[in-house]
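Any value given below was found using the heavy atoms of this structure, including those in side chains, with hydrogens, waters and symmetry copies removed. What you see is a predicted model, and the numbers here were worked out from it, not measured in a lab.
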Amino acid sequence: MRKVETKKAPQAIGPYSQGIIVNNMFYSSGQIALTPEGEMVQGDVKAQTHQVFKNLQAVLEAAGASLDTVVKATVFIKNMDDFAAVNEVYGEYFKEHKPARSLVEVARLPKDALVEIEVVALVK
């Protein structure tokens with residue numbers, strides 16, 4: 001196993017890493033809308049989802065992977081009424097390539113985020 005770290009995404013806010021590579025698979029920790037400096041992005045769920053994808057792209061790059069190699073995404077949202085907005089932004093990042101996905105509503109997310117996404121990706 002190899003730990004993945006990058007300063008281009010927020011540092012872990014607990015006893016975990018940004019991601020782990022096992023063999024040729026990368027497993028990300030959930031990303032919320034924190035900037036690399038640790039500040040929560042202000043704005044609606046669309047603004048937060050864009051920041052989540054910036055963070056995912058950074059940790060994927062550090063792992064030697066990319067959005068094009070994601071095989072599974074898990075999306076957690078605070079309010080199912082935000083499904084369409086999150087799905088719209090999600091579709092901007094996964095256009096041609098459409099990995100398997102689960103999306104669930106949860107009672108609360110870290111830092112009161114509106115959305116959190118984790119991915120599993122193939123390392124190039």
Please report, to 0.1 Å, the donor-acceptor pairs under 3.5 Å made by any side chain of residues 5-12, with sequence neighbours excluded.
{"unit_1": "T6", "atom_1": "OG1", "unit_2": "K8", "atom_2": "N", "d": "3.1"}
{"unit_1": "Q11", "atom_1": "NE2", "unit_2": "T6", "atom_2": "O", "d": "3.0"}
{"unit_1": "Q11", "atom_1": "NE2", "unit_2": "A9", "atom_2": "O", "d": "3.4"}

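- Among residues two or more places apart in sequence or in another chain, the side-chain hydrogen bond (donor to acceptor under 3.5 Å, both in side chains) test is passed with E37 by T35.
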Pairs under 3.5 angstrom only: tabulate donor-acceptor contacts from the side chains of residues 59-68 to other protein residues two or more places apart or in another chain.
{"unit_1": "S66", "atom_1": "OG", "unit_2": "D68", "atom_2": "N", "d": "3.2"}

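- Within the structure, the ring pair (Phe, Tyr, Trp, His ring centres under 6.0 Å) test picks out no pair touching residues 101-124 (sequence neighbours left out).
- With sequence neighbours left out, the side-chain hydrogen bond (donor to acceptor under 3.5 Å, both in side chains) criterion links K3 to no other residue.
- Applying the ring pair (Phe, Tyr, Trp, His ring centres under 6.0 Å) definition to pairs two or more places apart or across chains, those involving residues 40-80 are H50-Y93, F53-Y90, F53-Y93, F53-F94.
- Applying the side-chain contact (heavy atoms from CB on, under 4.5 Å) criterion to V123, with sequence neighbours excluded, gives I21, F26.
- Every side-chain contact (heavy atoms from CB on, under 4.5 Å) that E105 has, sequence neighbours left out, goes to N79, M80.
- With sequence neighbours excluded, the residues satisfying side-chain hydrogen bond (donor to acceptor under 3.5 Å, both in side chains) with R101 are N87.
- With sequence neighbours excluded, the residues that form a side-chain contact (heavy atoms from CB on, under 4.5 Å) with I32 are L34, M40, P110, K111, A113, E116.
- Not counting sequence neighbours, the partners of D112 by the side-chain hydrogen bond (donor to acceptor under 3.5 Å, both in side chains) test are R108.
- For K72, the side-chain contact (heavy atoms from CB on, under 4.5 Å) criterion is met by T74, A100, S102, V120, not counting sequence neighbours.
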